[in-house]
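Structure first, then comments.
Residues: numbered from 1 along the sequence shown.
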Amino acid sequence: MARLLGFVLLVLALAAGFAWLADRPGELSIVWQGQRIAMSLMVAATIAVSAMAAVIFFLWLVRAVLTSPHAIRRHFRARKRDRGYQALSTGLIAAGAGDAASARKMLARTKGLIRPDQEPLVHLLEAQAALIDGQHDEARRKFEQMADDPETRELGLRGLYLEARRLGATEAARQYAERAAEKAPQLPWAADAVLQHRAGTGEWDQALRLLDQHKPASAEERKQVDRRKVVLLTARAGARLESESDPKAARDDALAALRIDETFVPAGLIAAKAYLREGNLRKAAQILERLWKVGPHPEVARLYVHARSGDSPADRLKRAEKLEALHPNNAETLFAVAQAALDARKFALAREKAEAAARLAPNERTFLLLADIEDAENGHQGRIRHWMNQALKAPRDPAWTADGVTSPEWLPVSPVTGKLDAFEWKTPVSEWHGPVEEGAVNRVDEAIRALPPVDADARPQRKPPSSAIDIEAAPRSAATAGATAAGAAINAVSPEGEPKPFFGGPPDDPGVKNETKITSGGSTASFRLF
């Protein structure tokens, strides 16, 4: 484009010059060796320009003749190089597709057209072809050659890193990743590998230092870096809090994590625990209440309700009701109030809140809480077993889950894969029960309606211990005889006189028709047949 523009400007300049001479006519005469040559000024200018053009053309022609051998060699060399790059490209595509034969064929053609010292990608094609053929030792040698070359160092180190991971050589893989991260800290795979190792060994300071060296290139990468920083700060805070040596430093780390992500529950719990160790209940409550408003979590409720060890059950119930005021009509809120009400022996309130929580989110612990309420209030074995049966069929409780395993508390690193930030608060995988039909009866309401009635006369009574010798049988009805013939279960008496739980029908089942007494040494024990 620049040459074309210069040529146009030159032509315009010549045209302007000739136009200027045409407007100013004149005559030019030259006397040379006794001869006089006369011509017009326009003709003289034309002859001068033509002579200059002829000289320039002659010089170009001489130069082209002198440089033609080199130009011809360069032409053929460029053509050979183009063919070599075409073969190299085809070979890399074949290697990526897993075509070992084509990759080897293109590798041989590439070596005949391009020298490996001129194009480092030839080593990559050799290594890839060796990997496809299963010649891992040869591939590692090629990667080592590439790692020694400054131009291909990172590529060779990545190949060695992947090979070490394939063989399970964790230490070797870590060393390759550290070499790559030292030379090129912007490489994501190297930084991630070193970061995972530092986190897996609990070297939180080094992991945070490495994370600070990484400069994110996009907004999405910035979010990922911030998330990892939150996890690492929380992990370091948890380690410092467990050591009980520096709760203030643990609190500062947890608060720094909350400044980045105010919804991160593990960081909030650690900060609140640190404040509680310092005796600052007000600030601990503020953090927990802020977390509760964002999203109720059972661990937050547990720590908030039991924040003061000297509180009475009534005081804990008041704190649970405060959580309900902050986030009403929520299953976790209702469960927390029901648990606190059970501890305070307010069974009606506990049952009301627990049943409401079960309607919103039926799960194991809610039905088990209902069973505890029945046990604490009246000890009715039929109603207790009814709720325990519902718990067996209910969805599993949410838990900290990572890679198919659950943990009673949040962990920064997965114990299975060593992945950082793998644990999530979610319901573990369980059996799929199929879709719920529209308009179907609520299972919890149906379970409540199916509760066995409370019969005061049928409640188990304490009896003195005895050994079975004599049996005085009462008259049996036809229904009882049929049930006994079918091998129905009995409720044996424990040494304390209380009937032992069993996996059969409830004690107040209408099928109970007779009572059998066992007499020995003046003491009597009874059991019922179903």
Check: Is a salt bridge present between R179 and E182, judged by a nitrogen-to-oxygen distance below 4.0 Å?
Finding: no

Note to self: If I compare all heavy atoms of V337 with all of A320, which pair ends up nearest, and what's the gap?
What the structure shows: CG2-O, 3.5 Å

Checklist line | Distance in Å, L131 CG paired with H136 NE2, rounded so as to fall on 0.5 Å steps | finding: 6.5 Å

Note to self: When you measure from the centre of the six-membered ring of Y304, is the NZ or CZ of R319 closer than 6.0 Å and no more than 45° off the axis?
What the structure shows: yes

Notebook entry, point to check: Can you name the side-chain contact (heavy atoms from CB on, under 4.5 Å) partners of I132, sequence neighbours left out?
Noted result: A95, A100

Checklist line | CA sep, side-chain torsions, deciding dist, call: F335, K353, side chain to side chain contact (heavy atoms under 4.5 Å, CB included) | finding: CA-CA 7 Å; F335 183 88; K353 298 298 183 180; over 6 Å; no

Note to self: According to salt bridge (Lys or Arg N to Asp or Glu O under 4.0 Å), does anything in residues 305-315 pair up with another residue at least two apart or in another chain? List the pairs.
What the structure shows: R308-D311

Margin query: Before you tell me yes or no, could you show the steps for E203 and T201 under side-chain hydrogen bond (donor to acceptor under 3.5 Å, both in side chains), namely the whole-Å CA-CA distance, both residues' side-chain angles and the distance that decides it to 0.1 Å?
Written below: CA-CA 6 Å; E203 302 176 35; T201 55; 2.9 Å; yes

Check: If every non-hydrogen atom of N363 is compared with every non-hydrogen atom of R396, which pair is closest and at what distance?
Finding: CB-O, 4.4 Å

Side-chain donor-acceptor pairs of residues 254-275 under 3.5 Å, sequence neighbours excluded:
residue : atom : partner : partner atom : Å
D261    : OD1  : T263    : N            : 3.2
D261    : OD1  : T263    : OG1          : 2.7

Margin query: Run the ring-ring contact (aromatic ring centres under 6.0 Å, His included) test against Y161 and tell me which residues pass, sequence neighbours left out.
Written below: W189

Note to self: Are H297 and W292, when compared by the centres of their aromatic rings, separated by less than 6.0 Å?
What the structure shows: no

Note to self: Tell me every residue that passes side chain to side chain donor-acceptor pair (under 3.5 Å) with R316, counting only those two or more places apart in sequence or in another chain.
What the structure shows: none

Next item on the list: Can you see which heavy atom on R365 is nearest to which on D397, and at what distance?
Entry: N-OD1, 3.1 Å

Notebook entry, point to check: Taking the side chain from T366 and the backbone from P362, do they hold a donor-acceptor pair closer than 3.5 Å?
Noted result: no

Check: Any side-chain heavy-atom pair from W400 and T406 closer than 4.5 angstrom?
Finding: no

Item checked: Side-chain (R383) to main-chain (A371) donor-acceptor, under 3.5 angstrom -> no

Check: Are any side-chain N or O atoms of R277 and backbone N or O atoms of L241, one a donor and one an acceptor, separated by less than 3.5 Å?
Finding: yes

Next item on the list: Enter the distance from M388:CE to K393:NZ here, rounded to the nearest 0.5 Å.
Entry: 13.5 Å

Note to self: So does M146 get a backbone contact from the side chain of T152, meaning a donor-acceptor N/O pair under 3.5 Å?
What the structure shows: yes

Note to self: Looking at every non-hydrogen atom in both residues, tell me the closest pair between A338 and A354 and how far apart they are.
What the structure shows: CB-N, 3.6 Å

Checklist line | Student check: side-chain heavy atoms of R153 and K183 closer than 4.5 Å | finding: yes

Next item on the list: Decide, yes or no, whether a salt bridge links R209 with D205 under the criterion of side-chain N to carboxylate O below 4.0 Å.
Entry: no

Notebook entry, point to check: So, Q196 side chain and L420 main chain: donor-acceptor pair closer than 3.5 Å or not?
Noted result: yes

Checklist line | Non-hydrogen side-chain atoms of T401 and F423 separated by less than 4.5 Å | finding: no

Note to self: Looking at every heavy atom in both R240 and A250, which two are closest together, and how far apart are they?
What the structure shows: CB-CB, 3.9 Å

Notebook entry, point to check: Salt bridge or not for R228 and D192, using N-O below 4.0 Å?
Noted result: yes

Check: Less than 4.5 Å apart, any side-chain heavy atom of K283 and any of I287?
Finding: no

Notebook entry, point to check: Any side-chain hydrogen bond (donor to acceptor under 3.5 Å, both in side chains) pairs touching residues 409-423, not counting sequence neighbours?
Noted result: R227-D421, D403-S414, D403-T417

Next item on the list: Kindly give the heavy-atom pair with the smallest separation between L210 and L195, and that separation in Å.
Entry: CD2-N, 3.8 Å

Next item on the list: Examine distances only and state if a side-chain atom of H306 and a backbone atom of R302 form a donor-acceptor pair shorter than 3.5 Å.
Entry: yes

Checklist line | Reported CD-to-CG distance for the pair E321 and L323, which is rounded to 0.5 angstrom | finding: 10.0 Å

Notebook entry, point to check: Does a side-chain heavy-atom distance below 4.5 Å link R236 with L232?
Noted result: no

Item checked: salt_bridge(R351, E377) N-O dist < 4.0 Å -> yes

